[in-house]
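Treat the numbers as computed from the prediction; the structure is a model and nothing was measured. Computed from heavy atoms alone, side chains included, the values below leave out hydrogens, waters and symmetry copies. Chain A is the first sequence line, chain B the second, and so forth, proteins listed ahead of strands; every chain is numbered from 1.
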Amino acid sequence: MDLQSADSGIGSPDSQRVAKSAEGKSKKPVENHLNGTPNNVSHKHSSSGHKHHHKSSSSDKHKDPNRHKHGSDKQREHSSAEKIKDPNRSSSEKHSSSKHKEHSSRPKDPNKPSKEHSSKPKEGHHSADKHKHGSEGKQKSSSSGDKHKERHKDGSKHSSDKHKVRKEGSSSSGKPKSGEVRVKTEPGVSQTGSSPTKIVIKKERDGSQPTVKKEPRAADTDDDVPLAMRAQGEKRAHESDSDDEPLAARAEKKKIKKEKPSAEAVARKRKAESDDDDDKPIAKPKPKKKKGKEEKAAPEKGKKKAKKEEVEVWKWWEEGPREEGVKWRTLEHKGPVFAPAYEPLPDDVQFLYDGKVMKLSEEAEEVAGFFGRMLDHDYSTKDVFRKNFFHDWRKVMTPEERKVITNLDKCDFRQMDVYYKEKSEERKAMTKEQKQEIKKQNEAMVEEYGFCTIDGHKQRIGNFKIEPPGLFRGRGDHPKMGMLKKRVRPEDVIINCSKNSVYPKAPPGHKWKEVRHDNSVTWLASWSENIQGSIKYVMLNATSRLKGEKDWMKYETARKLHKCVDRIRAQYREEWKSKEMRIRQRAVALYTIDKLALRAGNEKDSDEAADTVGCCSLRVEHIKLHREHEGKEFVVEFDFLGKDSIRYHNFVAVEKKVFKNLQLFMENKADGDDLFDRLNTTILNKHLQDCMEGLTAKVFRTYNASNTLQQQLKLLTNSEDSVAAKILSYNRANRAVAILCNHQRSVPKTFEKSMSNLQAKIDKKKEDIKKSRKEYKGLKADYKHKRDAKTAGMLERKKKQMERLEEQLMKLEVQATDKEENKEIALGTSKLNYLDPRISVAWSKKWEVPVEKIYNKTQREKFAWALDMADETFEF
DNA sequence: GCCGAGACTTAGTACGCTGCGT
DNA sequence: ACGCAGCGTACTAAGTCTCGGC
């Protein structure tokens, strides 16, 4: 089989990807140089184009009575068909197909108890469609109470649930609802095949591949055929030995061996790092605190600041593991800092309503100001934003104001806008002394509130300032954009600290909501936010032990996956042939998570947030199957909005079995239906947990990112290269990861300009070189005649100069390349969150590239543990 | 066993600061 | 000294995943 190909391929995006934000302007293709292949195919996708793909938005469906019909008919058909196919499905499962309420046309599984009935009809006032399914009607109500999602016993989603989850009005899929999606630019491009790693996809050799259409249930029939497992027993098998049994054979030859090395690795690791992998840090807390004073790496520049660098470094990573579940033993801090009180506008800054001056109450004025200062932002023109703002604004008005102000269009906030702009200008125009003064005050505030003492160590707090009030700026097509984010008062805040510490004092005249002493959590203060009703926390900075340790463990888990990933891959490949739909779906989903580094994709309520998806929540309209695309067979086109409404658009050549399975999953489904209707993140993660302790979907992202970096560094680094060239290689390796993870940024506003500046510099440098060369030649000729020492000296100097210029030119060119390639790729996210810093540290040591070139000061502080423990031999 | 709440990580952007070139 | 590009930081939204209560 194609085990090998699979293995080799995984982890590297062998695909064409066009990544862009929904709103997108077109991005330039990013080339993946890793393997020297242009990775991108330029695909321009305008947001509108994108939208077209998804014709039917969930909202449409909801609204269209026919859809229901359609759904039910389908359901019927589908069910019967499905029964044949998948006897194991429960009736409840049939609903799963559609998260939408109306289509619950999933096949039923006679063996499973139907849950439909259990679903509660909520909110009778919902539209008829929602109720269509009667009892199972799921209403998406925004109220939490209504949000039950129905789940199958096995946890899979009920169609209804999902339905509900998605908001009616929301656009389905990646199509950003009107306008809002993301401010990023368009599609980049993607690339084909450019994955850093080469992927060899083996095609099935069975020769005749029935066309998709022809092959009814291809999966069931052909691939599936006689799978070793019997439906019944299967489950158990999975649970118990799950992977192992069936895979045993395969595993044996391939991986088992691996376990061995892992042992040794473990040993090594243990030695080097105090924690072992398989273990959870349980041991007793060893209060051995070692304090080391260390001088931080000398800053490249500003040596004068060296003294500042001399900080006490607590090498927490040298301490033994601590008690599980206990995050701290003592914790003391001064509490959070609240946003400054509102300063009313001066009298000459007026608000006009319908052309007439109107003096607003303080509260209404403050909120009006929030809007006023956003006047030149896109947000202020969006209907949803305006509507939400106006609604919330009216809530804070006095009854009189409310009576008068009934139309946002008649409101004139321009004076406020001007006023705040002036203030901002003033701030910028302050004298150096004034700025110094402010800086000093800020530093004093950080000194006082920005640190806490935890287990006897002073540690920096990440966000000690409570978020100020303002208008909510959700990303993408967020239904709540523009809502008023209320001012947080001490009475809303819960403080967490040691019982016997000096408690933080609430501001005069106020008191805390609560002071608790919970050492099973890491936060120092929390409050609940009024927009989504979620909790916000004050937590430690990334340089702290609490964060650092967790980060380290994250990479250890990923390394552990590294050791058993072959086995897991072999297993899911085998499962593509399973008789059970849920197993196949799980296996295909896992494949995409592994190969494409997709996020898990929890369900979300579209009333509450933008309609974005991840792997498990993909819907039919998010993929297109191309039997052949640009010379490749079995290409799947992914096009959806992911986290932060960043568009993911990628053409991926997959194995035939995957392709066939996807066809099967899409059968009898319509846009808006779940692609993986028998799967959700809970099910997936439960399965992963069985495969490896501590394994969850996101570990694959970490693993594939780090692994890709390591491979690319090996591939790209050239020992003869200059430091600058090596750094370029590093950045390219980093970039390969960013592309894999789809980390985008909008093109910097000044990009074109700075690029042309750089180009001008390059041109000038070339000019200089030319000139210098000419002079050199002249001198040389001169020297031939004269043969005197003076000319010889000049000649020598000129030669040096030429060399210097050439080197400078080279640097500039490298810089330009790097910049261009990085135009719309954000390297920071992967560097900070996905790449095991020890890989970078080892690389920098091995190639003698100063680590400062790779990590800035903050990053070095965050990764102090890695800087300290990794040497050039570190292997991920 | 399900579900929501809670906790924590991951994410892109706005903006201020720094340092370089002029 | 000034202006500006680029970097770094602050900010906070949006994910993932766990856990506890019903």
Nearest whole Å is fine: how far is C:dG15 P from A:Leu598 CG?
14 Å

Please classify the nucleic acid contact of A:Arg373 as base, sugar-phosphate, or nothing, using heavy-atom distances under 4.0 Å.
nothing

Who pairs with A:Glu448 by salt bridge (charged side-chain N to carboxylate O under 4.0 Å, His left out), at least two apart in sequence or on another chain?
A:Lys334

So what does A:Lys831 touch, heavy atoms closer than 4.0 Å: a base, only the sugar-phosphate, or nothing?
nothing

Would you mind reading off the distance between A:Lys536 atom NZ and B:dA7 atom P, rounded to a whole angstrom?
15 Å

Below 3.5 Å is the cut-off: list the nitrogen or oxygen pairs between protein and nucleotides 8-10 of chain B, distance only.
from: B:dC8; atom 1: OP1; to: A:Lys327; atom 2: NZ; distance (Å): 3.0
from: B:dC8; atom 1: OP1; to: A:Thr522; atom 2: N; distance (Å): 3.4
from: B:dC8; atom 1: OP2; to: A:Thr522; atom 2: N; distance (Å): 3.0
from: B:dC8; atom 1: OP2; to: A:Thr522; atom 2: OG1; distance (Å): 2.9
from: B:dT9; atom 1: OP2; to: A:Lys547; atom 2: NZ; distance (Å): 2.4
from: B:dT9; atom 1: O3'; to: A:Lys698; atom 2: NZ; distance (Å): 3.2
from: B:dT10; atom 1: OP1; to: A:Lys698; atom 2: NZ; distance (Å): 3.0
from: B:dT10; atom 1: OP2; to: A:Lys554; atom 2: NZ; distance (Å): 2.8
from: B:dT10; atom 1: O3'; to: A:Tyr834; atom 2: OH; distance (Å): 3.0
from: B:dT10; atom 1: O2; to: A:Lys643; atom 2: NZ; distance (Å): 2.6

Ring-plane angle category for A:Phe472 and A:His478, please: parallel below 30°, perpendicular beyond 60°, tilted otherwise.
perpendicular

Identify, with sequence neighbours excluded, every residue that meets salt bridge (charged side-chain N to carboxylate O under 4.0 Å, His left out) alongside A:Lys480.
A:Glu608

When the ring planes of A:Tyr537 and A:Trp523 are compared, do they come out parallel, tilted or perpendicular, using 30° and 60° as the limits?
tilted

Value in whole Å for how far the P atom of C:dT12 lies from CE of A:Met483:
17 Å

List, with names and distances, any nitrogen or oxygen atoms from the protein found under 3.5 Å away from nitrogen or oxygen atoms belonging to nucleotides 2-6 of chain C.
from: C:dA5; atom 1: OP1; to: A:Lys753; atom 2: NZ; distance (Å): 2.2
from: C:dG6; atom 1: OP1; to: A:Ser754; atom 2: OG; distance (Å): 3.4
from: C:dG6; atom 1: OP1; to: A:Lys819; atom 2: NZ; distance (Å): 2.6
from: C:dG6; atom 1: OP2; to: A:Ser754; atom 2: OG; distance (Å): 3.0

Within 45° cone and under 6.0 Å: A:Lys382 NZ/CZ vs A:Tyr379 ring
yes

Indicate whether OP1 or OP2 belonging to C:dC17 is found under 4.0 Å from a side-chain N or O atom of A:Thr681.
no

Touch class at under 4.0 angstrom, heavy-atom based, for A:Ser534 against every strand present
nothing

My understanding is that only residues two or more places apart in sequence, or in another chain, count here; which of them pass salt bridge (charged side-chain N to carboxylate O under 4.0 Å, His left out) with A:Arg516?
A:Glu514

Nearest-Å distance, CG (A:Leu524) to P (B:dA7)?
13 Å

Can you tell me the distance, in whole Å, between the CD atom of A:Glu443 and the C1' atom of C:dT9?
14 Å

To the nearest angstrom, the CE-P distance between A:Met374 and B:dC15 comes to 10 Å

Using whole Å, report how far CD of A:Glu603 lies from C1' of C:dG15.
14 Å

Would you tabulate the pairs of protein nitrogen or oxygen atoms and nucleotide nitrogen or oxygen atoms of nucleotides 20-22 of chain C closer than 3.5 angstrom?
none

Between CG on residue A:Leu688 and CD on residue A:Glu693, distance to nearest 0.5 Å:
13.5 Å

A:Glu608 has an atom CD; how far is it from atom P of C:dA14, in whole Å?
11 Å

